[in-house]
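Shown next, in structure tokens, is the structure this report addresses.
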Amino acid sequence: MSKIIPYTEQAFRLLFEGAQTLAQIECNGLRIDTDYVDRAIERVQNKIKRLLAELETHKDILGVWKKKYKGKTNFNSNEQLGSIMFEVLGFSSPEKTESGQWKTDEETLNKIDHPFVKDYLEIKKLKTTLSVNLRGLKREVVHGYLYPFFLLNSARTYRSSSEAINFQNIPIRDPAKARIVRRAFIPRPGRRLVENDYSGIEVRVAACLHKDPRMIEYIKDKTKDMHRDMAMKCYMLAQQEVSKNVRYCGKNMFVFPQFYGDWYIDCARSLWEAIEKMKLITVSGISLRKHLKDKGITKLGRLDPREPPRLGTFEYHIQQVEKWFWEEMFPAYAKWRKDWVQLYKKRGWLLTPTGFICQGYMGKNEIINYPIQGPAFHCLLWSLIELHRAIQKRKMKTLLVGQIHDSIVADVPDEELDEYVDLSQEIMVNRLMKTWDWIIVPIEIETEATPVDGSWVTKKAYESKRKEGFRRLKPQTPEWREYWHRHPSEQDAMIAFRKENFA
DNA sequence: AAACAGTGCGCG
DNA sequence: AAAGCGCGCACTGTTT
């Protein structure tokens, strides 16, 4: 009887060689400015202290809190916070968690009209930064270097994950937090940190599967912009009136959520709330609320799943946009999703284009996302293996030091900068597309680099200055794969070492 | 003291 | 009929 394994030979090799490459990367490690980390800890601690003192002025709330919980008072407790705000003080909130507790996340708390909330949330954020990103970082640093782990065995989608520290969730979207934390990551002396990102890799991998002609057109034609166009639809704007923030909302509150399987009720809510929260305006400077009013929309709607949206509400409008999005704009994508779910229901498992099998109980949204998320990462993993190999072959001093799902971080000597950037382009784009014939849309990367000796905060877009681009290595050195066969004595030495130390 | 569930939040 | 994908870490409060 043949043994069933959950992946093809090709997939096995990807994991096998990927694990080895990641192990090398883990050994390389990242340089950390430990003096800075100490200073930052000190500074953030002091700031928290100052803010806590200010928070004391909200006697109306803290008094009630201490009175209720006495010796058990804990300002970090969500349970206590929820009880004080929504039961004792009577602020109303319909938001409950799955297990029926009061929701106390940022979004919910921000709906409370009391200055206490803003101060409380600011402190909470700083505390997280301090304990996770500064103390947590410091705890893992050895002699000025950090060695995060990259795992291939924990994500259900065959993506990677990272721990000790988690290198894949370092703050970047909030500039204030990013500045505090990323300043700690520095290149080795005389070098730069260089980061190569795949642009929109999940969207491109998805297109390879559903082959929707309109989506492929968006990817191929650089004058087209899907997110801008969807922002136009959602907010009923002319193309030239879509500002940067409005496009951002179209992308992150409609397009991506829709791809992941969200529906109009939640999209309408976040798109609507963003207008106030982000103070969205048109390019001509008109508030989107006013703009929508001119278009006849003044209300969000009830957002009640049990009843159909009412004509003239924003909810109704977004429902129409959703319908248009899947039925008119990307019908082939919609059909693929339907067929894909059908196929899973019929036989109980899925095969990714990279040769992995996903099995077990899956809901609709998992079924349509797994074969995209995994392979998008596999493009990166394949590149990581090949890039690492090429760096060895060329005897470059560049060190690969980390990976964040769709980007590669390297510590690059200044004199190797352009060679590394061109090599990345060759491998991550040209060779990847040649290797996997299921990739039927163009793949692109973007490069960012810090100045020499500059911290990770200071990375900026970079382009290679070498006109001739990638240079082939000649003569070709033997394949890295054959290394152990060419060095049997080293193999023996390693086996002996393992016996002595790990027996 | 250690393990577990629940919540919240950082990233792609 | 169902209703946002994938992670890791810190913390609270309960159970073992």
Subject >> nucleotides 2-7 of chain C: protein proximity per nucleotide (B base, S sugar-phosphate only, - neither; heavy atom, under 4.0 Å) >> reply: -BBBBS

Indicate, with a heavy-atom threshold strictly under 4.0 Å, whether [X] touches base, sugar-phosphate, or nothing.
X      : value
A:I172 : sugar-phosphate
A:A376 : nothing
A:R139 : sugar-phosphate

Original post:
Which of residues 104-133 of chain A sit near DNA chain B, with a heavy atom under 4.0 Å from it?
Top reply: A:T104, A:D105, A:E106, A:K124, A:K125

**OP:** Sorted by first residue and then second, give each side chain to side chain donor-acceptor pair (under 3.5 Å) pair with at least one member in residues 305-317 of chain A; sequence neighbours left out.
**Re:**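 Residue pairs passing side chain to side chain donor-acceptor pair (under 3.5 Å), neighbours aside: A:D304-A:R306.
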
Original post:
Quick one: side chain to side chain donor-acceptor pair (under 3.5 Å) pairs with a partner in residues 324-337 of chain A, sequence neighbours left out?
Top reply: A:Q258-A:W326, A:K323-A:E327, A:K335-A:D339

Just jot down the side-chain hydrogen bond (donor to acceptor under 3.5 Å, both in side chains) partners of [X], sequence neighbours excluded, or say none.
X      : result
A:W102 : A:E87
A:D174 : none
A:T157 : A:Q373

Subject >> Aromatic plane relationship, A:W65 with A:F75 - under 30° parallel, 30 to 60° tilted, over 60° perpendicular >> reply: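 Plane angle over 60°, so perpendicular.
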
**OP:** Check the angle between the aromatic planes of A:H58 and A:F116 and answer parallel, tilted or perpendicular using the 30° and 60° thresholds.
**Re:** perpendicular

Original post:
Among residues 335-349 of chain A, which residues get a heavy atom nearer than 4.0 Å to DNA chain C?
Top reply: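 Under 4.0 Å from DNA chain C: no residue of residues 335-349 of chain A.
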
Original post:
Do we see a donor-acceptor contact under 3.5 Å between the side chains of A:S383 and A:Y198?
Top reply: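 Yes.
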
**OP:** Could you tell me, to 10°, how much the axis swings from one end of the helix from B:dA1-C:dT16 to B:dG12-C:dC5 to the other, five pairs per end?
**Re:**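 Comparing the axis at each end, I get an angle of 10°.
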
Subject >> Distance, rounded to the nearest Å, where A:F75 contributes CZ and C:dT12 contributes C1' >> reply: 15 Å

Original post:
Is it true that a side-chain atom of A:Q403 and a backbone atom of A:L22 form a donor plus acceptor pair closer than 3.5 Å?
Top reply: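 No, A:Q403 side chain to A:L22 backbone: no donor-acceptor pair under 3.5 Å.
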
Interface polar pairs with nucleotides 14-16 of chain C, N/O, under 3.5 angstrom:
none

Original post:
chain A on DNA chain B: first and last contacting nucleotide, 5' to 3', under 4.0 Å to a heavy atom?
Top reply: B:dG6 to B:dG12

**OP:** Please list all pairs passing the ring pair (Phe, Tyr, Trp, His ring centres under 6.0 Å) test where one or both residues lie in residues 122-142 of chain A, with sequence neighbours left out.
**Re:**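 Found none.
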
Subject >> C:dT12 phosphate, OP1 or OP2, under 4.0 Å from A:N76 side-chain N/O >> reply: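 Affirmative; the distance criterion is met.
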
